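Each ligand, and each atom within it, is numbered from 1 in the order the structure gives. The analysis underlying the following values was restricted to heavy atoms, covering all of them including side chains, and did not include hydrogens, waters or symmetry mates. Numbers here are sequence positions counted from 1. None of the values given here were measured: they were computed from a predicted structure.
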Amino acid sequence: MADNKLLVKPKKGQVVHEVNETNSELSYVSLKVLELEVNEAYIETLKDKECCIVALTGQITVTESDNKFENIGTRHSVFEKIPTDSVYVSNGRQFGIRADSEAKVVLAYAPSAKQLPTTLISAADNTVEHRGKYANKRMVHNILPDSVTTANSLLVVEVYTEAGNWSSYPPHKHDQDNLPEESLLEETYYHEMNPPQGFVFQRVYTDDRSIDETMTVENGDVVIVPAGYHPVAVPDGYTSYYLNVMAGPTKKWQFHNDKPHEWILTRD
Ligand SMILES: O=C(O)C[C@@H](O)[C@H](O)C(=O)CO
């Protein structure tokens, strides 16, 4: 049994993950992962948090007041490697989700005071980025990047890392509220692997090593990054997927690379 505050294993039931300020060191980011049977419903009333509902796999219908987004979701498995649909819902609103097929749904939350319109973030709205070279290649789907005004403080991205590659690498952090040099963003990682018996390694460490944990992460696990660098290494034979939720006082992803490893970026 892992004795690790930063590694969270899935539970059985509809809500397989629930990470928030009451059970973690996080104060900005909260996360739920739902597994829904066909026709199963989920309802939530948001208080002082905004929420991004990501149709991770399967199809769902999301309702909020007069808004109804039917049969959203584009893939049976995240490893189809195509973007999916999401819905942004503001603080103070109630939303419902109905599963049109067996579905997995991520609910990403961040504190919010100002209400914004409920918005469908369709798969086609995701920008797709290919980053890195050599054994540092990864593909990113930007669901809620810092460049869009759909949300007040939430950032949500999906990252694919092929076998033998590293991502969130060279190690970077964003734990100082010191813009324009660095922003303070907490982060969560929801991980899957293909094939599912795979595992990846993730290290979370700060400059002073007050946090320094290297975790064996399995399919369906969540890793919490309250602060520090957070690189991921993927073994041969397996593809890694993770969904990142980030939030902090300012919606800006301004990271700081771990200087001794920054040379990785300057290779020919
Ligand atoms: O490797 C990447 O490019 C993905 C990471 O940047 C990941 O989204 C992250 O660590 C965000 O801070």
Side-chain angles (χ1 to χ4, degrees), residues 6-7 19 25-26 28-29 31 52 54 56 78 81 83-84 86 106 108 110 126-148 151 153-193 200-207 211 213-215 217 221-235 238-258 261-267:
L6 304 184
L7 180 65
V19 174
E25 288 179 38
L26 301 177
Y28 291 98
V29 169
L31 174 82
C52 180
V54 182
L56 202 72
V78 296
K81 297 181 189 165
T84 190
S86 304
V106 169
N126 285 218
T127 50
V128 178
E129 277 181 70
H130 294 271
R131 298 181 186 158
K133 59 185 177 188
Y134 302 129
N136 188 203
K137 290 200 270 299
R138 61 267 193 219
M139 177 175 74
V140 179
H141 296 163
N142 289 301
I143 298 173
L144 273 179
D146 62 2
S147 54
V148 300
S153 50
L154 253 182
L155 300 171
V156 182
V157 299
E158 299 183 299
V159 180
Y160 293 89
T161 314
E162 296 300 332
N165 280 260
W166 289 67
S167 58
S168 299
Y169 187 81
H172 69 258
K173 71 179 181 78
H174 31 73
D175 60 15
Q176 301 298 313
D177 191 7
N178 184 31
L179 284 164
E181 273 75 42
E182 185 175 344
S183 56
L184 193 169
L185 294 174
E186 297 174 345
E187 187 164 9
T188 53
Y189 277 70
Y190 167 73
H191 285 270
E192 292 196 11
M193 290 101 208
V200 301
F201 297 114
Q202 184 161 23
R203 183 181 179 199
V204 179
Y205 66 101
T206 51
D207 283 323
I211 300 176
E213 297 188 10
T214 301
M215 289 157 268
V217 182
D221 289 353
V222 166
V223 171
I224 296 170
V225 184
Y229 308 96
H230 38 273
V232 173
V234 183
Y238 295 91
T239 302
S240 146
Y241 163 91
Y242 53 79
L243 180 141
N244 293 138
V245 182
M246 289 179 274
T250 308
K251 194 183 68 176
K252 180 78 190 156
W253 184 48
Q254 185 64 48
F255 59 84
H256 166 88
N257 289 319
D258 195 3
H261 306 296
E262 205 170 31
W263 65 271
I264 295 290
L265 293 172
T266 59
R267 293 170 298 170

Protein residues near ligand 1, heavy-atom distance below 4.0 Å? Arg131, Arg138, Val157, Val159, Ser167, Ser168, His172, His174, Glu187, Tyr189, His230, Tyr242, Asn244, Met246, Trp253

Do His230 and Glu187 have a side chain donor and acceptor closer than 3.5 Å? yes

Counterpart residues, salt bridge (charged side-chain N to carboxylate O under 4.0 Å, His left out), relative to Lys133 (two or more places apart): none

Contacts of Tyr160 that satisfy ring-ring contact (aromatic ring centres under 6.0 Å, His included) - sequence neighbours left out: His141, Tyr241

Do Val223 and Tyr242 have side chains that approach each other closer than 4.5 Å (heavy atoms only, starting at C-beta)? no

Locate the shortest heavy-atom distance separating Trp166 from Asn136; write the atom from each residue and the value. O-ND2, 3.0 Å

Any residue meeting salt bridge (charged side-chain N to carboxylate O under 4.0 Å, His left out) with Glu182, in chain and number order, not counting sequence neighbours: Lys173

